[in-house]
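Chain letters run A, B, ... following the sequence lines, proteins first and then strands; every chain starts at 1. Any value given below was found using the heavy atoms of this structure, including those in side chains, with hydrogens, waters and symmetry copies removed. This one's a predicted model, so the numbers in the text were calculated from it and none came from an experiment.
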2 protein chains.
Amino acid sequence: MSQPVVRRLPVEVVSSSTGAIPATIAISVVGKLTDKPADAGDTKRRILDAAEELFMEHGFEATSLRLITTAAGVNLAAANYHFGSKEELFQAVFTRRLDPMNNDRMALLAAYEAAAGGEPLTCERIISAMFIPALKLARDHEQGGKNFLRLLGRAYADPAPFIREFLSRQYAEMIGRFRAAFGEALPRLPREEVSWRLHFVMGALSYTLAGSDGLKLISQIQPEDVDNDELLLKRLAPFLAAGLRAPVGTAQDQQQWFSESD
Amino acid sequence: MSQPVVRRLPVEVVSSSTGAIPATIAISVVGKLTDKPADAGDTKRRILDAAEELFMEHGFEATSLRLITTAAGVNLAAANYHFGSKEELFQAVFTRRLDPMNNDRMALLAAYEAAAGGEPLTCERIISAMFIPALKLARDHEQGGKNFLRLLGRAYADPAPFIREFLSRQYAEMIGRFRAAFGEALPRLPREEVSWRLHFVMGALSYTLAGSDGLKLISQIQPEDVDNDELLLKRLAPFLAAGLRAPVGTAQDQQQWFSESD
DNA sequence: AAAAAGTTCAAACGAGTGTTTGAAACAAGC
DNA sequence: GCTTGTTTCAAACACTCGTTTGAACTTTTT
């Protein structure tokens, strides 16, 4: 490949201690991930960026370390040197963005609760505390953030045990806080039903963020709306809020629903 | 492994043309999939059964043909001989059960519409036309059916292009029929909104059927309920029906929801 | 009974995998 | 300047992967 065109310049000139971010950074921003080395010292970040995109695109098993390191323009061994193993690299991709996002979610929920002064929050308010940090992530890092949300949605459905256990740990605290909030917002709903509906909400959110391209086309959704995460979540939120407030189906209701006879 | 303990008996004795199913079959029913050869002629079915379970458990990429054929008690080359390639085997696992299920769904919807005699159906009726065939599948083949539903839910989120294109083709007709039905059931809802909400319904259904074990535990759901698909869908259906009937969020609503200020 | 078609088998093929290694290149401390 | 400690590099290691092959076996047809 055309990888090591200019491997390493004599950099004595640039060694001025705390330098303003050098030109190499700008180059690495302009060029796509699949391009040249650019060697700005931040090999770890380059690997994480490439891994984020490629794991999203092909999944964990189908993405090789050679593919990642080539796309990042670094040596193959760098991945194991910096992260230890492929699994640890995968987890590092998540913790980099998932931890801040979930902390944002809990902080926003706490701010809403403080502002409400003891009054229970509305479902819409709680849902927005889950969505806004995701939206922020989707917008902040213009490309990387969106990729990460799609990766996250897909990881939810991944059967690999280490992925499931890892996500469970990452989400445990946040889920607990939001279940409590929904429980107070819906005092007449049995606690068990609250757990189920929170599960449905998380599922719909992650599934929607995963962006199943092909199935969207089938649903006759406008192509220009497919990648508009803000619009997407604004359509999903009313749907979920109404579902959360739905009356619990009685035994007779269910009997009626599921009887095949008219 | 303990695979070929007795490879092939001198079978001249048994060559009595159409033999009653030999004892080896009984063994293969008693023993789990991971057991002995049993060679009952139905190599294809044995491979499909093992593939269904293992694809569900480990995903497409992480499941090797050697794992499948060993579990099925057949020779490695049998997979390629009967199905051509690993991808075609994967698709065969789906078509075996997905085609009948989707046909059942459309037939049930048509029966409901005929019984209603021109009147539009309720959302609950349409949802039950989607759910009942899935429930039937979960119950009919006691183990295989449930495995397949979980496999299906996970395949929805798989990034592999050939899986996405395959599922798009499999679902195209059914989705079209149900979108039309929901459009008539919700005449005041804009058509574009109907498409989105159908997308949400499909997502919630497949995600729920995928059964994300670890995350369920986090949600504090009773362990004995986790594998009860009937109970699960009876909780999901009211949630979705209410979401489908939710009023479309106005611009002001959304502004209010997503403003961080109180 | 002979021939044809269908199926199973052990063995191998070439390619790709995650990971390790030891030397080379670099940066920082004294 | 020399010596640490860190990072990069090409090459290799030990495997596993999906697929193919050609001979042996079974079943069906003639």
Check your understanding: Any side-chain heavy atom of Q91(A) within less than 4.5 Å of one from F83(A)?
Key -> no

**Study point:** Interatomic distance, F83(A) CZ vs dT20(C) C1' [rounded to whole Å]
**Key:** 18 Å

Review point. Which is it for L152(B) and L167(B) under the side-chain contact (heavy atoms from CB on, under 4.5 Å) test, yes or no, and what are the steps along the way?
Key: CA-CA 9 Å; L152(B) 181 59; L167(B) 283 183; 4.2 Å; yes

Revision key, fill the gap. Exactly one of L137(A), T208(A), L135(A) clears side-chain contact (heavy atoms from CB on, under 4.5 Å) with L149(A), and that residue is L137(A)

Check your understanding: Can L89(A) and L48(A) be said to form a side-chain contact (heavy atoms from CB on, under 4.5 Å), step by step?
Key -> CA-CA 8 Å; L89(A) 168 60; L48(A) 283 174; 4.0 Å; yes

Review point. How does protein contact run along nucleotides 11-21 of chain D, one letter per nucleotide 5' to 3', with B for base contact, S for sugar-phosphate only, - for none, heavy atoms under 4.0 Å?
Key: -B----BBBBB

Exercise for review: Please step through side-chain contact (heavy atoms from CB on, under 4.5 Å) for the pair F148(A) and R96(A), ending with a clear verdict.
Suggested key: CA-CA 10 Å; F148(A) 176 74; R96(A) 176 168 70 148; over 6 Å; no

Check your understanding: If only side-chain N and O atoms of H82(A) are considered, is one of them under 4.0 Å from the OP1 or OP2 phosphate oxygen of dT6(D)?
Key -> no

Point to revise | side chain to side chain donor-acceptor pair (under 3.5 Å), paired with Q170(B), selected from N102(B), D99(B), T95(B) | key: D99(B)

Exercise for review: May I have the distance from L54(A) (atom CG) to dG18(C) (atom P), rounded to whole angstrom?
Suggested key: 12 Å

**Study point:** Spacing between R46(A) atom CZ and dT7(D) atom C1', to the nearest angstrom
**Key:** 15 Å

Check your understanding: Has T43(A) got a side-chain N or O lying under 4.0 Å from the OP1 or OP2 atom of dT8(D)?
Key -> yes

